[in-house]
Amino acid sequence: MRRLLAVLALAAAVLLAGCAGSPVARGHGVMLTPAEIEATWLGQWASLSAEAHDGQSGFALLSSGQDAFTLRVLLSEQADRRLDVQTYLMGDGLTTWALLQRLLNAAERGVQVRLMIDDIGAVGQGRRLAALNSHPNIQVRVYNPTTIGRGHLTTRVLASVPQAGRQHRRMHNKLWITDGAVAIVGGRNLGDEYYSASEPRNFTDLDLMMIGPVVESLSRSFELYWNHGLAQPVERYHQADANAWEALHAALTERLSEHADSPYFSDLRERYADAERGSLVGELHWGEGVALWDPPGKPAWPGRPPLARTMAGELLARVGEPARRLVVVSAYFVPGRNGTSLLRALAEAGVEVEIITNSLEATDVPVAHGAYQPRRSALLDSGIVLHELRAEEDAGSETAVSVRASASALHIKALGIDDDRVFVGSANADPRSVWWNTEVGVLARSESLAAEFQALVELGQSPALSYRVGRLEDGGLYWEANSLGESVRLTREPGSLFRHIGARVGRLLWLEPWL
């Protein structure tokens, strides 16, 4: 037995082998000053645009994946002084190659580039991140890292076991800031599926672009995370030659050249060659913006934090009780007992409550859907409207194809409050976003922005794109939608056997607080 234990211990050591953290100087970041921002082209544009709006912020919704990608490319190319990117995941595909190439191009022009990625998102990418970091003007930091098992997801999970109380908590923030003047928050990470470039399945997502005072607050949130002890320089775990970035840039350029005539890039060229289409983001909506974020040390806190110390708690306090309407759009909707009671109380008080989430057939996490399933009847009985996004759009639909791909999953995290407020961020309506992960978002007060958001909601609720969930006389549920242009009513929840099995696991009550 002793020999067996020794062999197992040796196997575990080999499996988890990796580079232990190396001593590396860790500089302290500072925000750009107003004068430094004003000296940039984007800073001047933002300042001139805001002159007639008396301290308000300007907002634009980005519902199109192509627009969201193209705007990030343009902001990279227009940067004069600094690019700050915070992300949970970074994939490997056309859009990621293009954005990384633009980051390197910006660094070559003298722009300071700072990339902060959650350590789970860095799994298997150590060599690429280290090469990127080797450029004198680029810094890469990983959040909540482990020192071993970094090469593969399996070994990364095994390495997390001794620190499971902290390692299941992740930095889920998504933030892009250029020259301290223009910011983007929302649900999109770096990866083809977030920018409608993945086949056959993409995410239906939403970003909010901003200029004005709210950008300063978002910059402050980035600095707090960047300077926190949980954000560690990638070179402490992965080393690269001083000029490794040159080989990375050459490889990216070659890949992009090989795919220059791909359907995605060809479509982009055609899309933005249309002069009549107007500017990329259209007319800005103006109003008050409040940036909200979780404290950066949240992943290291013991136990479940008090609600008041979380972003969700602050958002709840600022929103208050809606007077007329509440719309919740969330990829994963796990309201739990308390959330269900809160939503029912609002509906029973006369507030129109509408929920849009993924259907079982569309979700990429059936276990989370399973935790939502037992709450549907109580929500419906209170008059709450439930819509679940379909995996594929009705073939007989006349819906504009630019709305979403034919195969899709909802990834939006947003709220509509009454007729004048919109929240867009990285947080889902689930316990993981409330208690365990860190998140960031913006609460905007603007009637015109709220009207545009509501139009997107109504489009998403169309029977060509989503199921309307209702109650049968016998107490069962039905899913109503269009099929080949005709209305149909299903009495069995759409989804494969595999997905139904996964959802059944999620209905185990002890799992709900962790989903």
Is a salt bridge present between Lys298 and Glu439, judged by a nitrogen-to-oxygen distance below 4.0 Å? no
Do Tyr467 and Leu490 come within less than 4.5 Å of each other through their side chains, counting heavy atoms only? yes
So ring pair (Phe, Tyr, Trp, His ring centres under 6.0 Å) across residues 346-381, not counting sequence neighbours, yields Phe333-Tyr372, His369-Tyr372
Is the shortest heavy-atom distance from the side chain of Arg376 to the side chain of Gln373 under 4.5 Å? yes
Set of residues satisfying side-chain hydrogen bond (donor to acceptor under 3.5 Å, both in side chains) with respect to Ser377, sequence neighbours excluded: Arg471
Could you pull out all residues at least two apart from Tyr225 that satisfy ring pair (Phe, Tyr, Trp, His ring centres under 6.0 Å)? Tyr143
Exercise answer: donor-acceptor pairs, residues 54-61 side-chain atoms, under 3.5 Å, sequence neighbours excluded:
| unit_1 | atom_1 | unit_2 | atom_2 | d |
| --- | --- | --- | --- | --- |
| Ser57 | OG | Val214 | N | 3.2 |

Could you go through the salt bridge (Lys or Arg N to Asp or Glu O under 4.0 Å) check for Arg82 and Asp179 one step at a time? CA-CA 5 Å; Arg82 180 175 291 175; Asp179 286 338; over 6 Å; no
With under 30° as parallel and over 60° as perpendicular, where do the rings of Tyr88 and His172 fit, or are they tilted in between? perpendicular
Under the side-chain contact (heavy atoms from CB on, under 4.5 Å) test, residues paired with Ala450 that sit two or more places apart: Val422
Taking only residues two or more places apart in sequence, or in another chain, which ones meet His387 in a ring pair (Phe, Tyr, Trp, His ring centres under 6.0 Å)? none
Side chain to side chain donor-acceptor pair (under 3.5 Å) contacts touching residues 302-315 (sequence neighbours left out): Glu314-Arg318
Distance check, rounded to the nearest 0.5 Å: Thr438 atom OG1 versus Arg170 atom CZ? 9.5 Å
Strictly by ring pair (Phe, Tyr, Trp, His ring centres under 6.0 Å), give each pair with a member in residues 424-451 just once, sequence neighbours left out. His168-Trp436, Trp436-Trp514
Salt bridge (Lys or Arg N to Asp or Glu O under 4.0 Å), paired with Glu354, selected from Arg468, Arg325, Arg324: Arg325
Those residues that, when tested against Arg337, pass salt bridge (Lys or Arg N to Asp or Glu O under 4.0 Å) (two or more places apart): none
Contacts of Phe222 meeting ring pair (Phe, Tyr, Trp, His ring centres under 6.0 Å) (sequence neighbours excluded), chain-then-number -> Trp226
Contacts of type salt bridge (Lys or Arg N to Asp or Glu O under 4.0 Å), residue Asp418, not counting sequence neighbours: Arg421
Keeping the roles fixed (side chain from Asn358, backbone from Leu410), state whether a donor-acceptor pair exists under 3.5 Å. yes
What residues form a salt bridge (Lys or Arg N to Asp or Glu O under 4.0 Å) with Arg188, not counting sequence neighbours? Asp207
Within this structure, what is the CE-CG distance for the pair Met171 and Asp294, rounded to the nearest 0.5 Å? 12.0 Å
